[in-house]
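First the structure, in the form of structure tokens, and then the observations on it.
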Protein chains: 2
Amino acid sequence: MKKSEVNSTAIARLAGVSRSTVSRVINNYSNVPTETRDKVMKVIQQYNYFPNASAQALAGKRSRTIGLFLIDQGHVAGDILTNMLIVSVIAHASEHGYYVLTHIIRHTKDTEVIKNVREIFYQRRIDGGIFIGAAIREPFIEELIEEGFTVGIFDQELPEHPEPNRIVSNFNNDSGMKQAVAYLAGLGHTKIGVINGDMKRLSGQTKYEGFLMAMRMCGLEVNPDWVLDGDFNESSGVHAMRTLLGKGGELPTAIIAANDSVAFGAIRELKEHGVQVPEDISVIGFDDHALSAKHHPALTTIRVDFSGMLKRMTLCLIARIEDKTPVVREISLDCSLVVRDSCRRV
Amino acid sequence: MKKSEVNSTAIARLAGVSRSTVSRVINNYSNVPTETRDKVMKVIQQYNYFPNASAQALAGKRSRTIGLFLIDQGHVAGDILTNMLIVSVIAHASEHGYYVLTHIIRHTKDTEVIKNVREIFYQRRIDGGIFIGAAIREPFIEELIEEGFTVGIFDQELPEHPEPNRIVSNFNNDSGMKQAVAYLAGLGHTKIGVINGDMKRLSGQTKYEGFLMAMRMCGLEVNPDWVLDGDFNESSGVHAMRTLLGKGGELPTAIIAANDSVAFGAIRELKEHGVQVPEDISVIGFDDHALSAKHHPALTTIRVDFSGMLKRMTLCLIARIEDKTPVVREISLDCSLVVRDSCRRV
DNA sequence: CTGAAAGCGCTTACAG
DNA sequence: CTGAAAGCGCTTACAG
């Protein structure tokens with residue numbers, strides 16, 4: 001018999017006890033005398049026995065697996081940030097004895113894809129799930145919450161009557177935008193443009209709102225020609241600059257991009273047109289992407305601790321699954337300016 | 001009753017059939033009349049019923065989950081390549097109705113960590129697993145193969161008596177190195193150095209062997225001072241150049257790095273010392289990393305199709321799991337030179 | 001074509 | 001402290 005085929009019956013027989021006792025040893029019941037425990041453990045180790053996870057789950061144990069759902073509107077899959085998020089979730093789940101089933105959702109409008117996501121929950125493959133990249137309100141996620149599944153949503157706020165099984169997390173984008181505008185204002189900029197992110201996402205909206213408020217607070221006017229659409233992808237930075245330069249009107253002296261990828265794209269396109277950064281236009285990003293420090297010019301940006309955020313989210317989800325400490329439902333983290341070389345004084 | 005709590009008994013009752021019939025409908029048995037099937041399907045859809053995966057597994061079905069094990073000697077976790085590998089496996093597994101449980105192995109010497117990996121297999125959480133970044137012979141992987149688990153190993157060759165449950169994949173590093181040396185020779189270089197990768201890995205060894213053979217074929221001499229140790233991480237490129245420049249001897253006119261990350265590190269350190277690439281030294285990488293085209297200078301390298309390789313590996317593993325087409329056991333892919341700006345004629 | 005029943009490998013009240 | 005037994009939710013020969 002292959003070792004991998006032993007079951008609790010075999011262990012019980014070999015140890016001279018009942019399956020109940022084997023189970024008690026495995027589950028660390030306190031009422032097993034050391035002697036019995038040792039006897040059983042010896043056989044378990046000798047035969048390399050691990051209880052079948054499906055049988056455990058069916059008998060009422062948790063699956064000890066969490067789902068990680070990446071909604072890929074664009075290039076999440078090709079970005080190093082994604083990798084950091086995945087690794088952070090896996091590493092921290094692992095520390096708590098949990099496994100991670102990662103799933104990529106290419107289109108939230110594709111019913112087959114969404115059916116597949118729901119299936120993962122309904123089939124009880126996972127004890128809970130984390131969603132990254134979701135729009136402000138995704139009907140299928142709302143359904144899962146209604147059904148009682150434990151769900152963590154990155155970049156979302158708590159609704160009015162928060163359900164106990166909903167966990168949300170978000171960055172203080174307001175604060176980030178205020179820092180960006182304040183820094184530029186301090187450098188003497190008054191003509192500040194912005195390239196927006198995906199406005200279907202919370203961070204897209206709050207960054208823009210933060211920008212508007214910060215401009216007002218600093219007594220600066222927002223020129224509508226300098227408010228450009230985007231979607232958090234590098235290509236949208238390229239496109240935004242093409243639009244701006246194509247208009248032929250006056251140019252801003254500084255631009256804040258919804259994230260660093262967008263900033264990279266914008267800077268690239270500006271260069272193409274002979275506009276130098278920061279000599280001609282200052283650019284400031286958001287996120288502090290892994291490449292921003294290495295970029296030419298090194299990108300001034302707003303740092304955001306994705307890894308730390310996902311760590312908290314993961315731990316909080318697990319705590320909720322195990323229904324300990326059901327206190328935290330919203331995780332908010334601040335962000336802060338990192339000055340590098342992409343902005344100059346005017 | 002929450003929809004998510006219906007089971008096959010409830011569906012059977014609601015559809016007026018037995019659980020056997022519900023199961024037959026779900027499993028697409030041919031001997032169910034259309035009328036019965038429709039009747040049952042209607043209830044299934046209405047109640048959002050999905051069979052419990054643990055119960056299915058326990059009753060003999062596959063878990064439809066594969067494990068993806070990333071052995072992280074260094075910075076696999078912080079690299080965009082890793083992300084591409086993960087995404088490729090998930091996407092292609094998903095197309096075939098499989099899920100992916102991703103796991104990070106930080107130290108193959110840590111018995112707790114390895115026990116955990118074995119546990120995933122023995123617990124039957126997965127139907128098979130893919131290992132990335134393993135040394136040439138990892139005892140714990142060998143054990144899993146012996147136990148009959150289906151295993152795919154990236155960057156490994158088939159042993160003499162290949163087991164049917166072992167799948168390996170590798171790139172033709174020989175060919176890649178020959179192209180690199182040939183190109184440099186064509187540019188007039190005769191003084192060619194090399195920064196090795198991790199020699200515990202197959203690709204580390206075969207790249208170096210390919211280098212030696214190619215040099216011989218081109219009638220060039222290998223200067224032992226220009227053969228530098230490394231480990232596939234960027235920092236080893238830095239370190240290798242520091243060593244080389246520290247020796248104070250004659251410098252090679254060209255260097256081949258074990259991969260692009262190492263090349264990045266090497267170029268950075270050369271710049272620090274005022275040595276320009278490609279003006280003073282030509283550098284050629286390996287992999288065609290996502291950043292190589294954007295690098296300054298754009299890196300000449302050997303392109304390797306990681307994504308395609310992982311796709312094949314994933315499909316092959318699934319085919320083996322479902323025991324169809326048990327033909328392919330080794331997947332080999334060629335690689336090819338991509339000329340950019342980091343090498344010059346001498 | 002379909003249902004009753006056994007069985008997959010566990011856990012956990014229950015009884016002693 | 002420990003075993004016998006029920007039960008978790010499925011699948012699949014078996015019998016009809």
Side-chain angles (χ1 to χ4, degrees), chain A residues 1-41 43-44 47-65 119 121-127, chain B residues 1-41 43-44 47-65 119 121-127:
Chain A
M1 169 159 63
K2 289 224 166 144
K3 285 185 185 175
S4 54
E5 282 156 12
V6 292
N7 56 23
S8 69
T9 310
I11 298 297
R13 188 166 23 78
L14 289 159
V17 298
S18 70
R19 289 156 67 218
S20 314
T21 301
V22 173
S23 181
R24 286 192 196 98
V25 169
I26 285 171
N27 293 292
N28 271 315
Y29 276 47
S30 53
N31 56 353
V32 182
T34 317
E35 202 185 338
T36 311
R37 178 179 305 278
D38 290 348
K39 185 172 62 177
V40 175
M41 280 308 288
V43 179
I44 286 179
Y47 283 81
N48 236 318
Y49 168 69
F50 294 97
N52 180 299
S54 294
Q56 286 186 308
L58 203 55
K61 294 259 162 187
R62 298 189 193 89
S63 67
R64 298 193 79 82
T65 305
E119 188 176 11
F121 283 87
Y122 285 81
Q123 284 190 135
R124 305 277 154 184
R125 284 181 183 274
I126 56 179
D127 297 326
Chain B
M1 169 159 63
K2 288 226 170 146
K3 285 184 184 175
S4 55
E5 282 158 13
V6 292
N7 58 22
S8 69
T9 309
I11 298 296
R13 188 164 23 76
L14 289 158
V17 297
S18 71
R19 288 157 68 218
S20 313
T21 300
V22 172
S23 180
R24 287 191 194 99
V25 168
I26 284 170
N27 292 292
N28 272 315
Y29 276 46
S30 54
N31 57 353
V32 182
T34 318
E35 204 185 338
T36 310
R37 178 179 305 278
D38 290 349
K39 186 172 63 180
V40 175
M41 281 306 289
V43 180
I44 287 178
Y47 283 82
N48 238 320
Y49 167 68
F50 293 97
N52 181 299
S54 293
Q56 286 187 308
L58 202 55
K61 295 260 162 185
R62 298 188 192 89
S63 68
R64 298 194 77 82
T65 304
E119 186 174 13
F121 282 87
Y122 284 81
Q123 285 190 133
R124 304 276 154 185
R125 283 180 184 274
I126 56 178
D127 297 324

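Throughout, protein chains are lettered first and strands after them, A, B, ... in sequence-line order, and every chain is numbered starting at 1. Quick note: numbers below take in every heavy atom, side chains included, and nothing from hydrogens, waters or symmetry partners. The structure presented is a predicted model; accordingly, all values stated were derived computationally and were not measured.
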query: Under 4.0 angstrom, heavy atoms only, what part of the nucleic acid is A:T36 near: base, sugar-phosphate, or nothing?
result: sugar-phosphate
By side-chain hydrogen bond (donor to acceptor under 3.5 Å, both in side chains), B:S54 pairs with (sequence neighbours left out) none
Exercise. Heavy-atom distance under 4.5 Å between the side chains of B:L58 and A:N52, does that happen here?
Worked result: yes
Scanning both residues in full, the closest heavy-atom pair of B:Y47 with B:I11 reads CB-CD1, 4.1 Å
Closest non-hydrogen atoms of A:A15 and A:K39, given as atom of the first, atom of the second and distance, are O-CE, 3.5 Å
Correct closest heavy-atom pair for A:S63 and B:R125 would be O-NH1, 2.7 Å
Using distance only, find each side-chain donor-acceptor pair of residues 21-31 of chain A under 3.5 Å and give its atom names and separation, not counting sequence neighbours.
unit_1	atom_1	unit_2	atom_2	d
A:T21	OG1	A:S18	OG	3.4
A:S23	OG	A:N27	ND2	3.3
A:N27	OD1	A:K61	NZ	2.9
A:N27	ND2	A:S23	O	3.0

DNA chain C in dot-bracket form (Watson-Crick or G-U pairs under 3.5 Å, [ ] crossing, | inter-strand) is |||.||||||||.|||
Min and max contacting nt of DNA chain D in 5' to 3' order, chain B heavy atoms within under 4.0 angstrom, are D:dG9 to D:dA13
Within residues 26-34 of chain A, the residues having a heavy atom closer than 4.0 Å to DNA chain C are A:N27, A:Y29
Note: contacts of residues 52-62 of chain A with DNA chain C (heavy atom, under 4.0 Å) are A:N52, A:A55, A:Q56, A:L58, A:A59, A:K61
- Query: Do B:Q56 and B:R64 come close enough that some side-chain heavy atom pair is under 4.5 Å?
  - Reply: no
On DNA chain D, more 5' by nearest nucleotide between A:R19 and A:R24 is A:R24
Exercise. Indicate yes or no: at least one non-hydrogen side-chain atom of B:D38 is less than 4.5 angstrom from one of B:E35.
Key: no
The reported gap from OH in B:Y49 to CD in A:Q123 (rounded to nearest 0.5 angstrom) is 9.5 Å
Using a 4.0 Å heavy-atom cut-off, does A:T21 contact any base of the nucleic acid, only the sugar-phosphate backbone, or nothing at all?
sugar-phosphate
